[in-house]
2 protein chains.
Amino acid sequence: MPYFVFFLPLLCKHGYTLVNIRLQKPESVADAGVTFRTEVKIKVTTTDIAKLAGVSQSTVSRVLNEAPIRISPARKRKILALAEKLNYTPNRSARTLKMGKHQVIAVMAYDITDAFAVECISMMESYLAEKQYRAEWISCAYARRQKVEPKRMLAELAQSVDGMIVIEADRALKDADLLKFWASTNIPMVTVIRRIPGDMISSVTLDDEAGTTRLVEHLVELGHKRIAFCYHRYKFSGDGLSCHPTAARRHEVFKRLIKQHGLGEDPDLQIAVDDNPKDGYEAGRMLISGANLPTAIIAFKDLIAMGLIKACYDHGINIPGNMSIASFDNIRIAEITSPALTTVAANYAEIARLSIDELIRQIENAAEKPFKASHYVSEPELIIRESTMPRQQ
Amino acid sequence: MPYFVFFLPLLCKHGYTLVNIRLQKPESVADAGVTFRTEVKIKVTTTDIAKLAGVSQSTVSRVLNEAPIRISPARKRKILALAEKLNYTPNRSARTLKMGKHQVIAVMAYDITDAFAVECISMMESYLAEKQYRAEWISCAYARRQKVEPKRMLAELAQSVDGMIVIEADRALKDADLLKFWASTNIPMVTVIRRIPGDMISSVTLDDEAGTTRLVEHLVELGHKRIAFCYHRYKFSGDGLSCHPTAARRHEVFKRLIKQHGLGEDPDLQIAVDDNPKDGYEAGRMLISGANLPTAIIAFKDLIAMGLIKACYDHGINIPGNMSIASFDNIRIAEITSPALTTVAANYAEIARLSIDELIRQIENAAEKPFKASHYVSEPELIIRESTMPRQQ
DNA sequence: CTGAAAGCGCTAACAC
DNA sequence: GTGTTAGCGCTTTCAG
């Protein structure tokens, strides 16, 4: 039974009115100790505790915030006990209003249910828990679809968080929008997987140059000569770029390396795909039925590779026997595909740590000037699993 | 350039102090219209607008909230224009503090990066956007690991949201904890994929009876006689149950149906697995190498089935030729596995709609009494894809 | 129609 | 050590 019931008489004496209590038969939950749905809604405040303890409200506040002031032990004990019994929880809005701090950061992604974002979120979540911050996870895709103006959305967001991390920034928002927003709020911000030109916003990016190189070298060493690449179709639309921020870069590096290795740049082996596995499947079908069958295919992300795997499976092409497949990201299912994917793994833990540390640094040194943007680059790791092997003669 | 710059003189006249403006070379972002990082941080308030417009603060509030009072058109225009120019955004904390409403709900799952939760979140997110509510997505797994007491966590949460949805409730929190919390805060609440005994908390559940039946019937019709089942290993630990809430039920129904169809209940064909694909893989290996090879395997969720598929793949067992695989959930990758999974699909859109509608109903009719819990059951749909086919002789 | 004023719950500067 | 007091920005009476 909620503890406050014991205090009802006292509370009533202090002006509370008992609105209504409706009893209900114990039923099977009796053992949970709950037998009624009460209509009295009491949010205990420091003032309540103060009245009950017979001290001033500020004394209560001091005790509960462990202020660096000695409070007489007896009162302290009394207040603490009351807070415990009444199940006191500070009112966040009031505290925020007073302090101007939320202890909350926003993490915005294009789509928080995208597999890459999920991996980032997973790591950030566990890291944030240690840091005494909470996070708000925000997709901008849906908001946009609802015709909410990005600026509006961001402005509102800025009212409820101390800072924000934007994953795949130029996919989430146009650089210019982001910059304008940032300039108008000056809210601490870190972009992940994208560095905004101008050196005013800190960033954590992936070394796609190194990652792509490692992957291509791997395939070249395995003897592959016809290597295909599924890159992200670049779309122009009214509300901005919709290209995977690093996909284009990976493609660039790939083209350069292929040339360097004298493997020729066969345009038939480079296919633009939309960002979904089905399109990967279609790309796979095209590559398989083309005149110039590759012996290895790289996809710009794991989910596309899953489509490729399925296309090969459906057409009786053995992986890795007759076709090697590799990609980028290392989302969690990459190791459970059949066969398991060789992939350029992002170091999600590091990305999370770097971006959050940098953001919190900015938040807590808000006064620090001149502001200096920091840029971190995370090294990806090539994870060789089962989907790549030496080219069969 | 942020609009407030134009108002600086006026603002200064009203007591604002220009702390510092540091200029920076235009660089490449000049076109974004941002050329400096300002150190003046102005959060525009209704009071600011009031001063600039020469009216009282309450008039501004009335205009911005479209209060049902006629305001002289000239003033209205002026205020609106100023708000627009200054990029005014209401301070959420202040509004919340005053109104006692957040327009935010919490969605708590055991792990928000779990594939099932992701599908729920995806649908809830798009549905919520229409409803003018925001959501906070909360995992309790990490919090728990950080030794934050569930009660504490919930109590704090209750301070920043108007209601909450708990996905797979008994996995997230012990029933008793949830009930105690609920009783102590009386916060509107809906559980998803779990109905709390006692009829005091509304719920949206899946018809696992029907779903399991459809799946088993499907396999029986295909002629399968040795059907294996991977069920969720039930774990007892200090802080509660850790069994997939519906997994046990699916297993129960399966066992009953197998008996009904006279297929015998071979204990070797029923394997307990932990909730991860690797354990599914191990289970697959055991089943394959056992004396009594099944011709079909059901997993309690898609991710486990992926492990099974991989086990078959690695051991040269063709799916669906020599082995049919099926499972539950229909997470988004289920259609892109090789082969695509036959699965009992949860209707995520419906789950989202029902749970959110019910929650908002409770929030907005808070005064409504007597409170009446509502219980919705969502019908799953058997989606037959490529991983099941008639038993080969 | 509009302004003045109260107060949501909290923190912190200021008195005693 | 402790109480008093002043707001944080907003909504909403209550007077005019």
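Each chain gets a letter, A, B and so on, in the order its sequence line appears, and its residues count up from 1. The figures that follow rest on heavy atoms only: side chains count, while hydrogens, waters and symmetry mates do not. Keep in mind that what you see is a predicted model, and the values were worked out from it rather than measured.
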Trainee: Between CG of A:Leu80 and NZ of A:Lys85, what distance do you get to the nearest 0.5 Å?
Mentor: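 NZ of A:Lys85 is found 13.0 Å from CG of A:Leu80.
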Trainee: Please name all residues satisfying side chain to side chain donor-acceptor pair (under 3.5 Å) with A:Thr47, sequence neighbours left out, ordered by chain then number.
Mentor: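 Counting only residues at least two positions away or on another chain, A:Thr47 forms no side chain to side chain donor-acceptor pair (under 3.5 Å).
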Trainee: State which residues pass side chain to side chain donor-acceptor pair (under 3.5 Å) with B:Tyr133; sequence neighbours excluded, sorted by chain then number.
Mentor: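 Once residues adjacent in sequence are excluded, the partners of B:Tyr133 under the side chain to side chain donor-acceptor pair (under 3.5 Å) criterion are B:Glu364.
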Trainee: Would you work out how much the helix from C:dC1-D:dG16 to C:dC16-D:dG1 bends between its ends, with each end axis defined by five base pairs, to 10 degrees?
Mentor: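 Its terminal axes enclose an angle near 50°.
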Trainee: Taking OP1 and OP2 of C:dT2, is either one under 4.0 Å from a side-chain nitrogen or oxygen of B:Ser56?
Mentor: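 For C:dT2, neither OP1 nor OP2 has a side-chain N or O of B:Ser56 closer than 4.0 Å.
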Trainee: My understanding is that only residues two or more places apart in sequence, or in another chain, count here; which of them pass side chain to side chain contact (heavy atoms under 4.5 Å, CB included) with B:Ala169?
Mentor: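 Residues passing side chain to side chain contact (heavy atoms under 4.5 Å, CB included) with B:Ala169: B:Val166, B:Leu178, B:Thr191, B:Arg194, B:Ile196.
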Trainee: Can you sort out the partners of B:Ser61 under side chain to side chain donor-acceptor pair (under 3.5 Å), two or more places apart, ordered by chain and number?
Mentor: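 Testing B:Ser61 for side chain to side chain donor-acceptor pair (under 3.5 Å), a comparison that skips the adjacent residues, returns B:Asn65.
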Trainee: Report the residues that fulfil salt bridge (Lys or Arg N to Asp or Glu O under 4.0 Å) with A:Arg75, sequence neighbours left out, ordered by chain and then residue number.
Mentor: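 Result, salt bridge (Lys or Arg N to Asp or Glu O under 4.0 Å) vs A:Arg75: none returned.
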Trainee: A:Ser58: which residues meet the side chain to side chain contact (heavy atoms under 4.5 Å, CB included) condition with it, sequence neighbours left out?
Mentor: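 Once residues adjacent in sequence are excluded, the partners of A:Ser58 under the side chain to side chain contact (heavy atoms under 4.5 Å, CB included) criterion are A:Ser56, A:Arg62.
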Trainee: Can you list everything that forms a side chain to side chain donor-acceptor pair (under 3.5 Å) with B:Thr96? Sequence neighbours excluded, please.
Mentor: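 B:Thr96 satisfies side chain to side chain donor-acceptor pair (under 3.5 Å) with no other residue.
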Trainee: Reading nucleotides 8-15 of chain C from the 5' end, what letters show protein touch, with B for base, S for backbone sugar-phosphate only, - for no heavy atom under 4.0 Å?
Mentor: BBBBBB--
Trainee: Tell me, please, which residues at least two apart from B:Ala373 pass side chain to side chain contact (heavy atoms under 4.5 Å, CB included).
Mentor: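 Applying side chain to side chain contact (heavy atoms under 4.5 Å, CB included) to B:Ala373 gives B:Asp199, B:Ser202, B:Phe371, B:His375.
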Trainee: Suppose we screen for salt bridge (Lys or Arg N to Asp or Glu O under 4.0 Å). Which residues come up paired with A:Lys101, at least two apart in sequence or across chains?
Mentor: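 So A:Lys101 forms no salt bridge (Lys or Arg N to Asp or Glu O under 4.0 Å) with any residue.
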Trainee: Name the first nucleotide and the last nucleotide along DNA chain D (5' to 3') that come under 4.0 Å of a heavy atom in chain B.
Mentor: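 Endpoints of the contacted stretch of DNA chain D: D:dG9 to D:dT13.
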